[in-house]
There are 2 protein chains.
Amino acid sequence: MAIRPAEQLIHKAAWLYYAHGLRQDEVASQLNISRASVAMYLRKARETGIVNISTSTQLFTDDVMARKVEDAFGLDAVWIAPENAYLADPSTDIAVLAASVFLELVKKGDRIGVAWGRTVYTIADIMSFADLQDVTVVQLCGNLGAPYSYRPDQCTMEIARRLNAKGLNFYAPLVLSTEELAKSLRAEPVIRDQLAGIAECDLALYSVGAVDADSHLVKCGALSPAEMEGLRSQGAAGVIAGQIIDARGEVLDCSYNRRVISAELASLRAIGKRLMVVQEDTKFEPLLSAIAGGLCTHLVIGAHMAGRLLQYAEAATKKAS
Amino acid sequence: MAIRPAEQLIHKAAWLYYAHGLRQDEVASQLNISRASVAMYLRKARETGIVNISTSTQLFTDDVMARKVEDAFGLDAVWIAPENAYLADPSTDIAVLAASVFLELVKKGDRIGVAWGRTVYTIADIMSFADLQDVTVVQLCGNLGAPYSYRPDQCTMEIARRLNAKGLNFYAPLVLSTEELAKSLRAEPVIRDQLAGIAECDLALYSVGAVDADSHLVKCGALSPAEMEGLRSQGAAGVIAGQIIDARGEVLDCSYNRRVISAELASLRAIGKRLMVVQEDTKFEPLLSAIAGGLCTHLVIGAHMAGRLLQYAEAATKKAS
DNA sequence: GTGCAAATTTGACTTTTGTCGAGAGCCGTG
DNA sequence: CACGGCTCTCGACAAAAGTCAAATTTGCAC
């Protein structure tokens, strides 16, 4: 990337202000520009990730509850957003925490898989900017053409933009009308390569969807409410990257799943750090399934959900003994 | 580390302010404290590394000159502080840059070797705070009892403090009066372990000293000006972690070196990232020696020094062809 | 060269933040 | 239980940073 003169100025201003600790007016006189310009440059510096301001998420993992959840479910790390203790809007709280955790987990040169959903998009939307080098963000599942603001490709691109990373989109629909077509499309070199590349990721970011009429799969028209209900009776327990999973966290054997273009669960499991973020309390069963299926090593949830998880784990232990 | 209630408050304030982007007065009303307290908590958050503000050092490596130096001397990365373009005090500029580079190179769980000198202490002094986990800072050489403000152990401890890391000091003098004593001391388990641990470091931070009467070795009384002059005529070209090196970057064969308790050069070379910082222009020859001896993979210097290095490299190439 | 649109820069104003001394609360000691 | 020393907190003021519309410069097509 060539260094444009404007960028040079932004960098100089940021350097003098943040690294040397000069005041804005001092920076202004150093660079022979007005202080107002300095203020503007500094904003740009923050927005481009030249300057990074990050808050430690330590305290959210240090939580006793977080430790217990880790132990009970064998997870690598758990962060718990203390509900209603902080903000009026609790779901934002989880997203903000998730974004920080995400940025803490990303390393230079990483390959990152990103799925789709309201949760993921919310995270992308509030995530602060960073200047990671050689980071690639890959889309984990096909696109949904629906006029939704948080389409899979948008989630991917927005996160890539925030990280100053390369975004690798998936130019295929999430779900096709026949199994044959899906099979042929998966065999296409472009698609095949993309799918194969998923297992090479270092970090995945996704949420889990519920199997009900509120699901995005229904809202975007991929499935009708009736079909969804049918799948549920067949054992559908959650939605991961556009695919239906059962209670064990395995792909449900159904026509819909065979028509989907998305990351194989085996590929997802091959990713070292699988960060799952769950905002809604209604996603308790889906989350349990995802954990059961080993689809999550790092977890960000709210205090209430954590409570339910622990309660469940305790009950299971008692029954076992 | 148990979480003290005060720390909890600091963390909450920092979280609301930096992660959620609330204003100080909003944070204050959320936490039911005065805005003045919030301001104070935020300062503490910055000072303890709960909040991290870092500026990308990208532009200093992107420099064409930096690339040329990298290529000419086979270094992994070079950062060049543009002299007098930025600040009144050019040496501060180098130290600020070095501190940023250092923080960029440190990773969680790292073991870091730190040597000693005015340069290193300056860096420690202006380095911003961070909250690295499981980081250990080890002292690379014995202590100098002299009443200097930048003793080896102080450099180590200060950096450890800033990083919230564990500091491992070296409880031995840098130089002893007889070779026998030095040898016995090196064989002591405590010392031996410390010396052995140096090769396990992931990152080293040091500068190189000049062989003249201004050297700290002279100022601290480890060597007399006359002795120093004598060493110079024996081929002394620089000082690394209290040891005298020759122009090839090898330990000079002399009594002084045999009386020193410090990291073996072989151990230093075993460290993956060796960050060398040179402020003074007078340290041209010492720097060349250090580079020749493979004691430096990452380099932070000023523009003037960079120019001299390139000039030298060019001349060497011409002579060779 | 000229004219026009877009981007950049600035001064003046408002809002937000930093600081400091005074006062309140706390704790061990005599 | 009164005392001094200590830390923590707050209100009020001063300093610094953010914002916006107007002015200026820049880039570009004609």
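In what follows, chains are A, B, ... by sequence order, proteins preceding strands, each numbered from 1. Since we're looking at a predicted model, the values are computed, not measured.
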Checking all strands, does R43(B) fall into the base, sugar-phosphate, or nothing category for heavy-atom contacts under 4.0 angstrom?
->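 It contacts sugar-phosphate atoms only.
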Is L42(A) touching bases, backbone alone, or none of the nucleic acid, heavy atoms closer than 4.0 Å?
->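 Answer is nothing: L42(A) stays at 4.0 Å or more from every strand.
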DNA chain D: A39(A) or R23(A), which has the more 5' nearest nucleotide?
-> R23(A)
Is there a donor-acceptor contact under 3.5 Å linking the side chains of Q139(B) and Q194(B)?
-> no
Of all the choices, dT19(D), dC8(D), dA12(D), which nucleotide is nearest to the side chain of R35(A) once you look at every atom?
-> dT19(D)
Would you mind telling me which of dG11(C), dG18(D), dT9(D) lies closest to the side-chain atoms of A36(A)?
->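 Nearest to the side-chain atoms of A36(A), counting from C-beta on, is dG11(C).
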Do the charged groups of R67(A) and E70(A) touch, with an N to O distance under 4.0 Å?
-> yes
Quick one: [X] [atom1] to [N] [atom2], roughly how many Å, whole number?
{"X": "I53(A)", "N": "dA17(D)", "atom1": "CD1", "atom2": "P", "value": "13 Å"}
{"X": "L31(B)", "N": "dC8(D)", "atom1": "CG", "atom2": "P", "value": "17 Å"}
{"X": "Q24(A)", "N": "dT15(C)", "atom1": "CD", "atom2": "C1'", "value": "13 Å"}

Judged by atom type as modelled, is there a donor-acceptor pair below 3.5 Å linking the side chain of K12(A) to the main-chain atoms of L31(A)?
->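 Pair absent, no side-chain N/O of K12(A) close to backbone of L31(A).
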Quick one: pull up CG in L310(B) and CD1 in I80(B) and give me the separation to the nearest 0.5 Å.
->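 With rounding to 0.5 Å, CG (L310(B)) is 7.0 Å from CD1 (I80(B)).
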